[in-house]
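Taking it in order: structure first as C-alpha coordinates, then the write-up.
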Amino acid sequence: MLDGFLALYIFMLAAFTGYEVIARVPVILHTPLMSGSNFIHGIVVIGAMIALGRAESPLEITIGFVGVLLGAGNAVGGYVVTGRMLEMFRASREKRS
Amino acid sequence: MTDWFPSVIQACYFAAALLFILGLKRMSSPRTARGGIGWAGVGMLLAVAATLFLPGLKHRELMLLALVLGTLAAWWSGRRVAMTAMPEMVALYNGMGGGAAAAIGGAELYGYASHVVHLLGGGTYAVAGYDPPSTAHLALALVGSLIGAVSFSGSLVAFGKLQGWLDRRFVFAGQRTVNALVLIAALAIGIWLVVGRLDATAITVFFVLSLALGVMMTLPIGGADMPVVISLYNALTGLAVAFEGFVLGNETMIIAGTVVGAAGTLLTQLMARAMNRSLGNVLFGSFGVASGEAK
(Lines give C-alpha, C1' and ligand atoms only; values in the text may rest on other atoms or scores of the structure.)
Protein backbone atom coordinates (compact mmCIF):
# COMPACT_ATOMS: atom_id res chain seq x y z
CA MET A 1 0.00 0.00 0.00
CA LEU A 2 1.22 3.45 -0.92
CA ASP A 3 2.88 5.38 1.89
CA GLY A 4 0.80 8.40 2.90
CA PHE A 5 3.52 11.03 2.69
CA LEU A 6 4.92 9.64 -0.54
CA ALA A 7 1.44 10.03 -2.05
CA LEU A 8 1.30 13.59 -0.71
CA TYR A 9 4.64 14.42 -2.40
CA ILE A 10 3.40 12.94 -5.69
CA PHE A 11 0.19 14.96 -5.32
CA MET A 12 2.08 18.22 -4.73
CA LEU A 13 4.53 17.76 -7.62
CA ALA A 14 1.81 16.67 -10.04
CA ALA A 15 -0.33 19.68 -9.10
CA PHE A 16 2.53 22.08 -9.93
CA THR A 17 3.21 20.16 -13.13
CA GLY A 18 -0.40 20.43 -14.27
CA TYR A 19 -0.46 24.12 -13.51
CA GLU A 20 2.83 24.94 -15.24
CA VAL A 21 2.24 22.77 -18.30
CA ILE A 22 -0.72 24.82 -19.48
CA ALA A 23 0.22 28.17 -17.97
CA ARG A 24 0.67 29.95 -21.31
CA VAL A 25 -2.10 28.40 -23.41
CA PRO A 26 -3.68 30.63 -26.11
CA VAL A 27 -7.45 31.23 -25.96
CA ILE A 28 -8.19 29.25 -29.14
CA LEU A 29 -6.83 26.12 -27.47
CA HIS A 30 -9.02 26.38 -24.36
CA THR A 31 -11.73 24.01 -25.55
CA PRO A 32 -9.42 21.41 -27.18
CA LEU A 33 -7.27 21.44 -24.04
CA MET A 34 -10.33 20.94 -21.84
CA SER A 35 -11.24 18.00 -24.05
CA GLY A 36 -7.68 16.68 -23.99
CA SER A 37 -7.45 16.80 -20.21
CA ASN A 38 -10.88 15.16 -20.14
CA PHE A 39 -9.30 12.29 -22.08
CA ILE A 40 -6.36 12.07 -19.67
CA HIS A 41 -8.56 11.55 -16.62
CA GLY A 42 -10.02 8.65 -18.59
CA ILE A 43 -7.18 6.80 -16.81
CA VAL A 44 -9.94 6.22 -14.25
CA VAL A 45 -10.80 3.18 -16.38
CA ILE A 46 -7.80 1.27 -15.00
CA GLY A 47 -8.95 2.05 -11.46
CA ALA A 48 -12.40 0.73 -12.31
CA MET A 49 -10.78 -2.40 -13.76
CA ILE A 50 -8.86 -2.92 -10.49
CA ALA A 51 -12.05 -2.32 -8.46
CA LEU A 52 -13.95 -4.84 -10.61
CA GLY A 53 -11.06 -7.30 -10.33
CA ARG A 54 -11.23 -7.11 -6.52
CA ALA A 55 -15.04 -7.19 -6.27
CA GLU A 56 -16.65 -10.01 -4.31
CA SER A 57 -20.38 -9.49 -3.83
CA PRO A 58 -22.80 -9.15 -6.80
CA LEU A 59 -23.33 -5.49 -5.81
CA GLU A 60 -19.60 -4.73 -5.99
CA ILE A 61 -19.29 -6.59 -9.30
CA THR A 62 -22.20 -4.61 -10.77
CA ILE A 63 -20.74 -1.28 -9.59
CA GLY A 64 -17.31 -2.27 -10.89
CA PHE A 65 -18.73 -3.32 -14.26
CA VAL A 66 -20.59 -0.01 -14.63
CA GLY A 67 -17.40 1.78 -13.58
CA VAL A 68 -15.33 0.11 -16.32
CA LEU A 69 -18.08 0.84 -18.85
CA LEU A 70 -18.15 4.53 -17.89
CA GLY A 71 -14.37 4.79 -17.66
CA ALA A 72 -13.91 3.26 -21.12
CA GLY A 73 -16.51 5.72 -22.43
CA ASN A 74 -14.57 8.61 -20.87
CA ALA A 75 -11.24 7.54 -22.37
CA VAL A 76 -12.42 6.57 -25.85
CA GLY A 77 -14.97 9.36 -26.22
CA GLY A 78 -12.46 11.91 -24.95
CA TYR A 79 -9.87 10.69 -27.44
CA VAL A 80 -12.21 10.73 -30.45
CA VAL A 81 -13.66 14.16 -29.68
CA THR A 82 -10.25 15.73 -28.93
CA GLY A 83 -8.81 14.26 -32.13
CA ARG A 84 -11.65 15.69 -34.19
CA MET A 85 -11.31 19.13 -32.58
CA LEU A 86 -7.57 19.29 -33.18
CA GLU A 87 -8.00 18.08 -36.76
CA MET A 88 -10.42 20.91 -37.47
CA PHE A 89 -8.00 23.27 -35.78
CA ARG A 90 -5.19 22.31 -38.15
CA ALA A 91 -7.41 22.54 -41.25
CA SER A 92 -8.57 26.05 -40.41
CA ARG A 93 -5.02 27.19 -39.64
CA GLU A 94 -3.70 25.89 -42.95
CA LYS A 95 -6.45 27.62 -44.86
CA ARG A 96 -5.62 30.91 -43.19
CA SER A 97 -1.89 30.76 -43.80
CA MET B 1 4.65 -15.55 -12.26
CA THR B 2 8.18 -14.67 -13.24
CA ASP B 3 10.22 -12.04 -11.40
CA TRP B 4 10.39 -9.47 -14.17
CA PHE B 5 6.67 -9.42 -14.85
CA PRO B 6 5.58 -6.93 -12.13
CA SER B 7 8.40 -4.60 -13.21
CA VAL B 8 7.08 -4.58 -16.78
CA ILE B 9 3.65 -3.57 -15.49
CA GLN B 10 5.18 -0.83 -13.33
CA ALA B 11 7.25 0.37 -16.32
CA CYS B 12 4.07 0.60 -18.41
CA TYR B 13 2.39 2.66 -15.67
CA PHE B 14 5.43 4.94 -15.45
CA ALA B 15 5.54 5.43 -19.22
CA ALA B 16 1.81 6.20 -19.23
CA ALA B 17 2.22 8.95 -16.60
CA LEU B 18 5.14 10.44 -18.56
CA LEU B 19 3.24 10.31 -21.87
CA PHE B 20 0.19 12.00 -20.30
CA ILE B 21 2.26 14.96 -19.10
CA LEU B 22 4.19 15.26 -22.38
CA GLY B 23 0.95 14.93 -24.35
CA LEU B 24 -0.74 17.65 -22.31
CA LYS B 25 2.32 19.88 -22.77
CA ARG B 26 2.14 19.42 -26.55
CA MET B 27 -1.62 20.05 -26.57
CA SER B 28 -1.09 23.45 -24.96
CA SER B 29 0.83 24.84 -27.95
CA PRO B 30 -0.82 25.39 -31.37
CA ARG B 31 2.06 23.91 -33.37
CA THR B 32 2.28 20.62 -31.55
CA ALA B 33 -1.34 20.25 -30.40
CA ARG B 34 -2.33 17.52 -32.85
CA GLY B 35 0.47 15.20 -31.86
CA GLY B 36 -0.21 15.65 -28.16
CA ILE B 37 -3.40 13.62 -28.10
CA GLY B 38 -1.57 10.78 -29.85
CA TRP B 39 1.11 10.67 -27.14
CA ALA B 40 -1.52 10.59 -24.43
CA GLY B 41 -3.42 7.92 -26.36
CA VAL B 42 -0.35 5.63 -26.40
CA GLY B 43 -0.04 6.17 -22.66
CA MET B 44 -3.66 5.14 -22.14
CA LEU B 45 -3.24 1.95 -24.22
CA LEU B 46 -0.13 1.01 -22.22
CA ALA B 47 -1.88 1.57 -18.89
CA VAL B 48 -4.99 -0.43 -19.86
CA ALA B 49 -2.90 -3.29 -21.28
CA ALA B 50 -0.77 -3.39 -18.12
CA THR B 51 -3.89 -3.47 -15.94
CA LEU B 52 -5.36 -6.38 -17.93
CA PHE B 53 -2.27 -8.40 -16.97
CA LEU B 54 -2.16 -7.22 -13.35
CA PRO B 55 -1.82 -10.34 -11.19
CA GLY B 56 -4.52 -11.32 -8.72
CA LEU B 57 -7.54 -9.73 -10.39
CA LYS B 58 -10.79 -11.61 -10.91
CA HIS B 59 -13.62 -11.15 -13.42
CA ARG B 60 -11.33 -10.49 -16.37
CA GLU B 61 -14.00 -11.57 -18.86
CA LEU B 62 -16.43 -8.97 -17.43
CA MET B 63 -13.62 -6.41 -17.60
CA LEU B 64 -13.07 -7.09 -21.30
CA LEU B 65 -16.81 -7.06 -22.01
CA ALA B 66 -17.25 -3.66 -20.30
CA LEU B 67 -14.17 -2.28 -22.08
CA VAL B 68 -15.45 -3.39 -25.49
CA LEU B 69 -19.01 -2.12 -24.89
CA GLY B 70 -17.86 1.23 -23.52
CA THR B 71 -15.34 1.66 -26.34
CA LEU B 72 -17.87 0.88 -29.08
CA ALA B 73 -20.55 3.19 -27.66
CA ALA B 74 -18.14 6.10 -27.13
CA TRP B 75 -16.39 5.62 -30.48
CA TRP B 76 -19.71 5.56 -32.31
CA SER B 77 -21.16 8.59 -30.51
CA GLY B 78 -17.92 10.59 -30.72
CA ARG B 79 -17.57 9.98 -34.45
CA ARG B 80 -21.08 10.82 -35.57
CA VAL B 81 -21.79 13.90 -33.45
CA ALA B 82 -21.74 17.29 -35.21
CA MET B 83 -18.75 19.56 -34.62
CA THR B 84 -21.05 22.18 -33.08
CA ALA B 85 -22.07 19.69 -30.39
CA MET B 86 -18.53 19.14 -29.10
CA PRO B 87 -18.84 20.92 -25.73
CA GLU B 88 -21.77 18.76 -24.65
CA MET B 89 -19.90 15.62 -25.72
CA VAL B 90 -17.00 16.70 -23.51
CA ALA B 91 -19.54 17.13 -20.71
CA LEU B 92 -20.98 13.67 -21.35
CA TYR B 93 -17.60 11.88 -21.41
CA ASN B 94 -16.40 13.88 -18.43
CA GLY B 95 -19.53 12.85 -16.53
CA MET B 96 -18.75 9.23 -17.36
CA GLY B 97 -15.27 9.67 -15.88
CA GLY B 98 -16.74 11.18 -12.72
CA GLY B 99 -19.20 8.30 -12.53
CA ALA B 100 -16.36 5.81 -12.91
CA ALA B 101 -14.44 7.48 -10.07
CA ALA B 102 -17.56 7.36 -7.88
CA ALA B 103 -18.05 3.69 -8.86
CA ILE B 104 -14.50 2.86 -7.71
CA GLY B 105 -15.23 4.56 -4.39
CA GLY B 106 -18.58 2.76 -4.15
CA ALA B 107 -17.16 -0.69 -4.89
CA GLU B 108 -14.35 -0.18 -2.35
CA LEU B 109 -16.67 1.24 0.35
CA TYR B 110 -19.30 -1.49 0.03
CA GLY B 111 -16.41 -3.95 0.03
CA TYR B 112 -15.04 -2.50 3.28
CA ALA B 113 -18.52 -2.49 4.81
CA SER B 114 -19.10 -6.17 4.05
CA HIS B 115 -15.85 -7.10 5.81
CA VAL B 116 -16.46 -5.24 9.02
CA VAL B 117 -18.65 -6.66 11.77
CA HIS B 118 -20.25 -4.21 14.17
CA LEU B 119 -20.60 -5.22 17.79
CA LEU B 120 -23.81 -4.46 19.65
CA GLY B 121 -22.15 -2.37 22.35
CA GLY B 122 -20.29 -0.26 19.78
CA GLY B 123 -16.85 -0.95 18.38
CA THR B 124 -15.99 -3.07 15.38
CA TYR B 125 -13.76 -5.90 14.40
CA ALA B 126 -12.71 -6.97 10.95
CA VAL B 127 -13.40 -10.39 9.44
CA ALA B 128 -10.44 -12.73 9.86
CA GLY B 129 -7.81 -12.39 7.15
CA TYR B 130 -9.03 -8.95 6.19
CA ASP B 131 -6.84 -5.90 6.43
CA PRO B 132 -9.13 -3.03 7.48
CA PRO B 133 -8.72 0.28 5.60
CA SER B 134 -6.94 3.16 7.32
CA THR B 135 -8.85 6.32 8.21
CA ALA B 136 -7.06 8.14 5.37
CA HIS B 137 -8.16 5.49 2.87
CA LEU B 138 -11.77 5.69 3.98
CA ALA B 139 -11.79 9.48 3.97
CA LEU B 140 -10.20 9.75 0.52
CA ALA B 141 -12.53 7.07 -0.92
CA LEU B 142 -15.48 9.11 0.39
CA VAL B 143 -14.20 12.51 -0.78
CA GLY B 144 -13.33 11.06 -4.20
CA SER B 145 -16.79 9.51 -4.41
CA LEU B 146 -18.49 12.77 -3.43
CA ILE B 147 -16.56 14.80 -6.02
CA GLY B 148 -16.93 12.11 -8.67
CA ALA B 149 -20.69 11.78 -8.12
CA VAL B 150 -21.18 15.58 -8.21
CA SER B 151 -19.17 15.72 -11.43
CA PHE B 152 -21.20 12.82 -12.86
CA SER B 153 -24.69 14.18 -12.25
CA GLY B 154 -23.63 17.80 -12.80
CA SER B 155 -22.05 16.99 -16.16
CA LEU B 156 -25.13 15.05 -17.25
CA VAL B 157 -27.33 18.06 -16.44
CA ALA B 158 -24.89 20.28 -18.38
CA PHE B 159 -25.12 17.83 -21.29
CA GLY B 160 -28.93 17.91 -21.13
CA LYS B 161 -28.97 21.70 -21.06
CA LEU B 162 -26.69 22.04 -24.08
CA GLN B 163 -28.75 19.44 -25.93
CA GLY B 164 -31.81 21.59 -25.27
CA TRP B 165 -33.56 18.92 -23.19
CA LEU B 166 -33.50 21.14 -20.09
CA ASP B 167 -33.72 24.57 -21.63
CA ARG B 168 -35.28 26.35 -18.67
CA ARG B 169 -33.17 27.60 -15.82
CA PHE B 170 -34.45 26.10 -12.63
CA VAL B 171 -34.30 28.74 -9.92
CA PHE B 172 -36.10 29.05 -6.60
CA ALA B 173 -35.67 31.18 -3.52
CA GLY B 174 -33.17 29.88 -1.00
CA GLN B 175 -31.60 27.53 -3.51
CA ARG B 176 -28.08 28.18 -2.31
CA THR B 177 -29.11 27.44 1.27
CA VAL B 178 -30.69 24.14 0.20
CA ASN B 179 -27.55 23.20 -1.76
CA ALA B 180 -25.38 24.05 1.23
CA LEU B 181 -27.58 21.89 3.48
CA VAL B 182 -27.34 18.94 1.08
CA LEU B 183 -23.55 19.31 1.04
CA ILE B 184 -23.41 19.52 4.83
CA ALA B 185 -25.63 16.44 5.16
CA ALA B 186 -23.40 14.46 2.75
CA LEU B 187 -20.28 15.54 4.65
CA ALA B 188 -21.88 14.66 7.99
CA ILE B 189 -22.74 11.16 6.79
CA GLY B 190 -19.23 10.85 5.37
CA ILE B 191 -17.67 11.77 8.70
CA TRP B 192 -19.97 9.35 10.48
CA LEU B 193 -18.93 6.58 8.07
CA VAL B 194 -15.27 7.24 8.92
CA VAL B 195 -15.45 7.69 12.69
CA GLY B 196 -18.76 5.97 13.46
CA ARG B 197 -19.79 2.81 11.70
CA LEU B 198 -19.29 1.73 8.12
CA ASP B 199 -22.85 0.90 7.18
CA ALA B 200 -24.07 -0.05 3.68
CA THR B 201 -27.34 1.93 3.97
CA ALA B 202 -25.49 5.07 5.03
CA ILE B 203 -23.12 4.62 2.06
CA THR B 204 -26.14 4.52 -0.25
CA VAL B 205 -27.63 7.68 1.30
CA PHE B 206 -24.24 9.35 0.93
CA PHE B 207 -24.19 8.61 -2.80
CA VAL B 208 -27.80 9.73 -3.33
CA LEU B 209 -27.04 13.07 -1.62
CA SER B 210 -23.86 13.53 -3.66
CA LEU B 211 -25.68 12.89 -6.93
CA ALA B 212 -28.50 15.26 -5.92
CA LEU B 213 -25.96 17.97 -5.12
CA GLY B 214 -24.48 17.80 -8.63
CA VAL B 215 -27.93 18.15 -10.21
CA MET B 216 -28.97 21.04 -7.98
CA MET B 217 -25.69 22.91 -8.43
CA THR B 218 -25.97 22.80 -12.22
CA LEU B 219 -29.69 23.39 -12.78
CA PRO B 220 -29.67 27.16 -12.10
CA ILE B 221 -26.72 27.86 -14.42
CA GLY B 222 -27.50 29.22 -17.87
CA GLY B 223 -26.41 27.69 -21.18
CA ALA B 224 -23.90 30.41 -22.08
CA ASP B 225 -21.90 29.70 -18.93
CA MET B 226 -21.84 25.95 -19.52
CA PRO B 227 -18.32 25.69 -21.04
CA VAL B 228 -16.85 27.17 -17.84
CA VAL B 229 -18.94 24.83 -15.70
CA ILE B 230 -17.94 21.81 -17.81
CA SER B 231 -14.30 22.80 -17.39
CA LEU B 232 -14.82 23.01 -13.64
CA TYR B 233 -16.38 19.52 -13.54
CA ASN B 234 -13.48 18.33 -15.69
CA ALA B 235 -11.04 19.54 -13.03
CA LEU B 236 -13.19 17.97 -10.29
CA THR B 237 -13.21 14.60 -12.05
CA GLY B 238 -9.41 14.79 -12.25
CA LEU B 239 -9.28 15.36 -8.51
CA ALA B 240 -11.69 12.49 -7.84
CA VAL B 241 -9.53 10.19 -10.01
CA ALA B 242 -6.45 11.22 -8.01
CA PHE B 243 -8.17 10.42 -4.70
CA GLU B 244 -9.42 7.04 -5.88
CA GLY B 245 -5.90 6.42 -7.22
CA PHE B 246 -4.62 6.83 -3.68
CA VAL B 247 -7.28 4.40 -2.40
CA LEU B 248 -6.18 1.78 -4.95
CA GLY B 249 -2.46 2.58 -4.50
CA ASN B 250 -2.05 3.44 -8.20
CA GLU B 251 0.51 6.19 -8.80
CA THR B 252 -0.44 6.76 -12.44
CA MET B 253 -4.01 7.59 -11.44
CA ILE B 254 -2.74 9.99 -8.76
CA ILE B 255 -0.42 11.75 -11.22
CA ALA B 256 -2.82 11.92 -14.19
CA GLY B 257 -5.75 12.91 -11.98
CA THR B 258 -3.82 15.61 -10.12
CA VAL B 259 -2.32 17.04 -13.31
CA VAL B 260 -5.81 17.31 -14.80
CA GLY B 261 -7.19 18.69 -11.55
CA ALA B 262 -4.59 21.48 -11.46
CA ALA B 263 -4.57 22.18 -15.20
CA GLY B 264 -8.37 22.09 -15.29
CA THR B 265 -8.67 24.54 -12.39
CA LEU B 266 -6.32 26.98 -14.16
CA LEU B 267 -8.15 26.43 -17.45
CA THR B 268 -11.50 27.13 -15.76
CA GLN B 269 -10.18 30.44 -14.45
CA LEU B 270 -8.75 31.35 -17.86
CA MET B 271 -12.07 30.54 -19.57
CA ALA B 272 -14.05 32.57 -17.06
CA ARG B 273 -11.64 35.47 -17.49
CA ALA B 274 -11.95 35.25 -21.30
CA MET B 275 -15.69 35.77 -20.79
CA ASN B 276 -15.06 38.68 -18.42
CA ARG B 277 -16.64 36.74 -15.58
CA SER B 278 -15.30 35.48 -12.31
CA LEU B 279 -15.80 31.84 -11.41
CA GLY B 280 -17.90 32.76 -8.38
CA ASN B 281 -20.08 34.87 -10.61
CA VAL B 282 -20.67 31.93 -12.96
CA LEU B 283 -21.47 29.48 -10.18
CA PHE B 284 -23.47 31.62 -7.80
CA GLY B 285 -24.42 34.72 -9.74
CA SER B 286 -27.18 33.06 -11.72
CA PHE B 287 -30.00 34.92 -10.04
CA GLY B 288 -29.54 38.12 -11.97
CA VAL B 289 -30.23 38.13 -15.70
CA ALA B 290 -27.00 37.90 -17.68
CA SER B 291 -26.87 38.59 -21.39
CA GLY B 292 -26.82 35.59 -23.67
CA GLU B 293 -28.51 33.30 -21.17
CA ALA B 294 -31.99 33.58 -22.58
CA LYS B 295 -31.49 30.38 -24.57
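Predicted model only: the values in this text are computed from it and were never measured. To find a chain, count down the sequence lines: A is the first, B the second, and so on, and within it residues start at 1.
When the candidates A:Ala72, A:Gly83, A:Gly77 are compared by the number of heavy-atom contacts under 4.5 Å with chain B, A:Gly77 comes out ahead. Among the candidates B:Ala73, B:Ala200, B:Ala235, B:Gly41, the residue making the largest number of heavy-atom pairs closer than 4.5 Å to chain A is B:Gly41. Most heavy-atom pairs under 4.5 Å with chain A: of the set B:Val81, B:Leu140, B:Leu54, this distinction falls to B:Val81. Taking A:Ser57, A:Gly42, A:Gly64 one by one and counting their heavy-atom pairs under 4.5 Å with chain B, the maximum is reached by A:Gly42. Residue with the most contacts toward chain A among B:Thr265, B:Leu52, B:Thr237: B:Thr237 (heavy-atom pairs, distance under 4.5 Å). Residue with the most contacts toward chain A among B:Gly56, B:Ala103, B:Ala263: B:Ala263 (heavy-atom pairs, distance under 4.5 Å). Interface summary for chain A: among B:Ile255, B:Val48, B:Leu24, B:Val68, the most heavy-atom pairs under 4.5 angstrom belong to B:Leu24. Between chain A and the residues B:Met44, B:Met253, B:Met271, the largest count of heavy-atom pairs under 4.5 Å involves B:Met44.
Residues A:Gly47 and B:Ile104 approach most closely at C-CD1, 3.5 Å, considering heavy atoms. Between A:Phe65 and B:Ala66 the shortest heavy-atom distance is CE1-CB, 3.6 Å. Residues B:Ala74 and A:Gly73 approach most closely at CB-O, 3.5 Å, considering heavy atoms. Between A:Ile50 and B:Leu57, the shortest heavy-atom distance links the atoms O-CD2, 4.0 Å. Here the shortest heavy-atom pairing between A:Ile43 and B:Ala256 reads CG2-CB, 3.7 Å. In plain terms, the two heavy atoms of B:Pro30 and A:Pro26 that are nearest each other are CG-CG, 3.8 Å.
When heavy atoms are compared at a cutoff of 4.5 Å, A:Leu29 approaches chain B solely by way of its side chain, counted from C-beta outward. Of the atoms belonging to B:Ile230, heavy atoms from both backbone and side chain fall under 4.5 Å from chain A. Contacts of A:Ile22 with chain B are made by both backbone and side-chain atoms, with heavy-atom separations under 4.5 Å. Looking at A:Val45, only its side chain comes within 4.5 Å of chain B, counting heavy atoms on both sides. Heavy-atom distances place no part of A:Leu13 under 4.5 Å from chain B, backbone and side chain included. Looking at B:Ala40, the atoms closer than 4.5 Å to chain A (heavy atoms on both sides) sit in the backbone and in the side chain alike. With a 4.5 angstrom heavy-atom cutoff, B:Leu239 touches chain A only via side-chain atoms. Residue B:Ser29 touches chain A through its backbone alone, counting heavy-atom pairs closer than 4.5 Å.
The side-chain heavy atoms of B:Met86 and A:Thr31, taken from C-beta on, include no pair separated by under 4.5 Å. Side-chain contact check for B:Ser114 versus A:Glu60: some heavy-atom pair is nearer than 4.5 Å.
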Practice prompt. Check the pair A:Val21 / B:Val259 against side-chain contact (heavy atoms from CB on, under 4.5 Å), numbers first and verdict last.
Written response: CA-CA 9 Å; A:Val21 153; B:Val259 165; 5.9 Å; no
Discussion item. Determine whether B:Leu248 and A:Arg54 satisfy the following criterion, side-chain contact (heavy atoms from CB on, under 4.5 Å), listing intermediate values before the conclusion.
Written reply: CA-CA 10 Å; B:Leu248 298 173; A:Arg54 287 180 181 183; 3.8 Å; yes
Item to complete: Given side-chain contact (heavy atoms from CB on, under 4.5 Å), test B:Met96 with A:Val44 step by step and report yes or no.
Response: CA-CA 10 Å; B:Met96 291 172 120; A:Val44 69; over 6 Å; no
Worksheet item: Could you walk me through whether A:Ile46 and B:Tyr13 pass the side-chain contact (heavy atoms from CB on, under 4.5 Å) check?
Response: CA-CA 10 Å; A:Ile46 71 167; B:Tyr13 279 153; 3.6 Å; yes
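Interatomic distance, A:Ser35 OG to B:Met89 CE, rounded to the nearest 0.5 Å: 10.5 Å. Interatomic distance, A:Leu33 CG to B:Leu266 CG, rounded to the nearest 0.5 Å: 9.0 Å. Once rounded to the nearest 0.5 Å, the distance linking CD of A:Glu20 with CD1 of B:Ile21 reads 12.5 Å. Interatomic distance, A:Asn38 CG to B:Asn94 CG, rounded to the nearest 0.5 Å: 5.0 Å. Note that OG1 of B:Thr268 and CE of A:Met34 are 8.5 Å apart. Values are rounded to the nearest 0.5 Å. A:Thr82 contributes atom OG1, which lies 10.0 Å from atom OH of B:Tyr93 (distance to the nearest 0.5 angstrom).
In this structure a side-chain-to-backbone donor-acceptor pair under 3.5 Å is present from A:Arg84 to B:Gly78. Checked by atom type and distance alone, the side chain of B:Thr71 never pairs as donor or acceptor with a backbone atom of A:Val76 at under 3.5 Å.
With respect to A:Met49, the side-chain contact (heavy atoms from CB on, under 4.5 Å) criterion is satisfied by exactly one of B:Arg60, B:Met63, B:His59: B:Met63.
The aromatic rings of A:Phe39 and B:Phe20 stand perpendicular to each other, their planes meeting at an angle above 60°, with 30° marking the opposite boundary.
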